[in-house]
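Lettering follows sequence order; numbering is per chain, from 1.
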Number of protein chains: 2
Amino acid sequence: MANLPETAGPLYEKVKDYILDHIGSGAWGKDQRVPSEHELVSMLGVSRMTVHRALRELTSDGHLIRIQGVGTFVAPPKPYSTLIEIVDIASEIRARGARYRADIILLESLQPSQELLAAFDFATRKPVGHSMILHHENDMPVMIEERFVNSDLAPDYDKQDFSAVTTYDFLQKSTPLTEVEQVIAAITADEDTARMLALEAGAPCLLLHRRTWTGSTVATVNRFTYSSRYTLGSRYAPSAFR
Amino acid sequence: MANLPETAGPLYEKVKDYILDHIGSGAWGKDQRVPSEHELVSMLGVSRMTVHRALRELTSDGHLIRIQGVGTFVAPPKPYSTLIEIVDIASEIRARGARYRADIILLESLQPSQELLAAFDFATRKPVGHSMILHHENDMPVMIEERFVNSDLAPDYDKQDFSAVTTYDFLQKSTPLTEVEQVIAAITADEDTARMLALEAGAPCLLLHRRTWTGSTVATVNRFTYSSRYTLGSRYAPSAFR
DNA sequence: TGCCTGGACATGTATAGACATCTTCCCAGA
DNA sequence: TCTGGGAAGATGTCTATACATGTCCAGGCA
C-alpha cells in the first residue's frame, strides 16, 4: 500500500497532497491518466467518498479533468496568465491614506446614441442613466468616470446623491453583477480631458472601458479615464497554486 | 416541510439554490444566521451530508461563512470589483487569427543595477537573465517585452532559443508561478520606444510592470510596453456569482 | 459486414451512522 | 463570587453501502 504524506490535517487533504505531489514531480504528466477512485481506495486504504472528495476539489481547482464513465486525467498546466483586480477608486485612494473627493459634473437621464444602443444591446430606444464624476486624490483630479446605466435595473440612477454615496456602492446594492468585459488602452488626452485632469495637452492617459452584465442584460457601460499621475494595479495570489 | 426549488440537477444543487434564493430575496440578510445543518435536514427532508455539501460549496464560493461550533452566516456581499485576465501575447494574437512573429533584440546575462537588485530582493550581487523581444502582429510591432529572470530558478535563460519557444512557454515550464504583482500605466513613448514600435514621437503607450514569485523568491521582473494600436482586455465571468 | 446490446468499469449522487472538534453556557462546588 | 466541568449543539470528517449515469468494447445476431 502506498503511503500518504505525513502532513497535518484531514485525510482528504492528504489524498489531495498525495496526488499533487505526483503531478508536481512529473510522475503523472499532462493528459495522463490518474488511478481510478477504486484503485486509489486500494492503494491508499481510505474510503471511496474520501478519495472522491479529494478528486472533486482538485478538479474544481483546475488540477484534474474528470469525465464520467471514462476516468480522471491531469489537467494541462495553468496558463501563465494573471489577474488584475481593479477596485473601487474611492477605497483605493483612501487605502493609500490620501484624501478622497468626488465632483459630480453631470447627472441626468438621456436618450442613448446609436453607438450606446448597440453597447447596451437594446432593441428599442429608451432612456439610460448618465453620470460624469471627477475623482480627486488630495484635491488633485486623477480620474474621470463616465457611466451609462440601464434604467430597467437602476431606474432612479439620475436621482441619487452621489456626493453622499459612491456610484460604486449604489450599483453594488442595486444590481447583482454577473459578468464583466474590459478593455484598457493608452490615449492622448484631448483638450477637455486634459483640462479636467489638470494635465498638459498631449499627455498620455489610461482609458478603461467596461461593460457589466446581470444575467444576459447589460447593466452598465463605463468609461474611466485615468490621469497619467495614476497607475492601475494590484497584487493577486492565484488560489489555484499551492 | 419547506419546498426545494424545482430546478433540474442533483439534490445538493437544489439545496444551494434554496439557500441562494433566500439570500438573494433578502429574507436572510448579511451576517444573519442560516438554519443549522440539522434544521435544514428537518426542513428539506434530505440527508445531512447533502446539506453539508451544499453549505460547504456555498462557503467556498464566498456566499456563506461557517464557524465550527458556532453556526453558518450570510457573508457580506461581494465587492464590486473585477478581474482582468492577461494572457500570453503570442496566443492572444494568434487567437485573433493574425500572424505572430517575435524578434529577439537582446538575450544576455547581466549584473543587475541597484534598482533591479531591490526589485529581486537580492541580498548579494549575482547575474540575472535579461531579454528584450519585439512582438509583431501581422508584421506590425505591437509590444516590447523586457524580462529579467532570477538565474537561481532558470539558470539557462540566456541560452534558450526564443525564436522557437516563447519566453512565456519556457518560464511556464521552468518555474511554478505562485504570485503576481502588476502595475499598469500610460506613458509617452520615448524616442527609442517610438522607433521600435513604429509610432510617431509622443504617442501614448501602455506600460505593464510585472513581478512574479515562486514561493517567497522573486522569479521575474518584467516590463511590457504596448503600442497604442494595441489594447489590453478580456472578458471574465466571476464564478462567485450565479 | 454492420449493428446493437449487454457487461465491465468509470464517475456522480445520496444516505445513515459514527466520531471528532469547537464554542457556548449553565450550574455545581469551592 | 468566582471558577471549573460538563452538557448541548454546532460544524468537520470518515466510512460503508446503494444506486444512478455515462463510456467503451467485445461478442452475438441479422
Side-chain angles (χ1 to χ4, degrees), chain A residues 1-20 22-23 28 31-76, chain B residues 1-20 22-23 28 30-76 239:
Chain A
M1 183 179 315
N3 287 328
L4 284 172
E6 293 176 6
T7 54
L11 248 183
Y12 70 88
E13 287 290 351
K14 294 184 187 177
V15 176
K16 286 173 72 173
D17 285 341
Y18 176 85
I19 293 166
L20 284 173
H22 281 72
I23 294 176
W28 297 347
D31 289 341
Q32 197 173 322
R33 177 150 198 182
V34 166
S36 72
E37 295 187 355
H38 182 71
E39 287 169 325
L40 286 169
V41 165
S42 308
M43 288 163 63
L44 305 177
V46 299
S47 81
R48 194 186 143 220
M49 285 301 286
T50 301
V51 167
H52 181 76
R53 175 164 179 186
L55 292 173
R56 187 170 17 119
E57 294 191 357
L58 289 174
T59 302
S60 79
D61 283 350
H63 290 105
L64 298 176
I65 293 172
R66 315 197 74 194
I67 305 173
Q68 183 175 142
V70 181
T72 304
F73 305 87
V74 177
Chain B
M1 184 179 317
N3 287 328
L4 284 172
E6 293 177 6
T7 53
L11 247 183
Y12 71 88
E13 287 290 351
K14 295 184 186 176
V15 175
K16 286 173 72 173
D17 284 341
Y18 176 86
I19 293 165
L20 284 173
H22 281 72
I23 295 176
W28 298 347
K30 178 194 162 187
D31 288 341
Q32 196 173 321
R33 177 148 195 184
V34 166
S36 73
E37 294 187 355
H38 183 71
E39 286 168 326
L40 285 169
V41 165
S42 307
M43 290 162 63
L44 304 177
V46 299
S47 79
R48 195 188 142 219
M49 282 303 284
T50 302
V51 167
H52 181 76
R53 175 165 177 185
L55 293 172
R56 195 183 38 198
E57 294 192 358
L58 289 174
T59 301
S60 78
D61 283 350
H63 290 105
L64 298 176
I65 293 171
R66 315 197 75 193
I67 305 172
Q68 183 174 154
V70 182
T72 304
F73 306 87
V74 177
S239 65

Between C:dA8 (C1') and A:Glu37 (CD): distance, integer Å | 16 Å

Salt bridge between A:Arg53 and A:Glu13, side-chain N to carboxylate O under 4.0 Å?
-> no

Take the protein atom NZ of B:Lys14 and the nucleotide atom P of C:dG12, then report the distance between them rounded to whole Å.
-> 19 Å

Side chain of B:Thr50, backbone of B:Val46: donor and acceptor closer than 3.5 Å?
-> no

From CE of B:Met49 across to P of C:dA16 the rounded distance in Å is 12 Å

Atom CZ of A:Arg56 to atom C1' of D:dT13: distance rounded to whole Å?
-> 13 Å

Considering only side-chain heavy atoms of B:Pro10, which listed nucleotide, D:dT11, D:dA18, C:dA14, is closest?
-> C:dA14

If each of A:Val70 and A:His52 is mapped to the nucleotide of DNA chain C with the nearest heavy atom, which maps nearer the 5' terminus, i.e. the 5' end?
-> A:Val70

Is any NZ, NE, NH1 or NH2 atom of the basic residue among B:Arg33 and B:Glu39 found under 4.0 Å from an Asp or Glu carboxylate oxygen of the other?
-> no

Rounded distance (nearest 0.5 Å) linking atom CD of B:Glu57 with atom CZ of A:Arg56 | 6.0 Å

Distance-only donor-acceptor test, A:Arg66 side-chain atoms vs D:dG22 base atoms, 3.5 Å | no

Within the structure shown, what part of the strands sits under 4.0 Å from B:Ile67 by heavy-atom distance: base, sugar-phosphate, or nothing?
-> sugar-phosphate

Given D:dT11, is OP1 or OP2 found less than 4.0 Å from the side-chain N or O atoms of B:Thr72?
-> yes

Looking at the side chain of A:Arg48, which of C:dA14, D:dC14, D:dC19 is the nearest nucleotide?
-> D:dC19

How many Å lie between CD on A:Glu57 and C1' on C:dT11, as a whole number?
-> 16 Å

In whole angstrom, give the distance that lies between atom CD of B:Gln68 and atom C1' of C:dC19.
-> 12 Å

Minimum-distance pair of heavy atoms, taken over all atoms of B:Ile67 and B:Phe73 | CD1-CE1, 4.3 Å

Which whole-number value in Å describes the distance from B:Leu44 CG to C:dA14 P?
-> 13 Å

Can you find a side chain N or O atom of B:Tyr12 that sits less than 4.0 Å from OP1 or OP2 on C:dT13?
-> yes

Report the distance from atom NZ of A:Lys16 to atom P of D:dC14, rounded to the nearest whole Å.
-> 12 Å

Please work out if A:Arg53 contacts a base, only the sugar-phosphate, or nothing of the nucleic acid, heavy-atom cut-off 4.0 Å.
-> sugar-phosphate

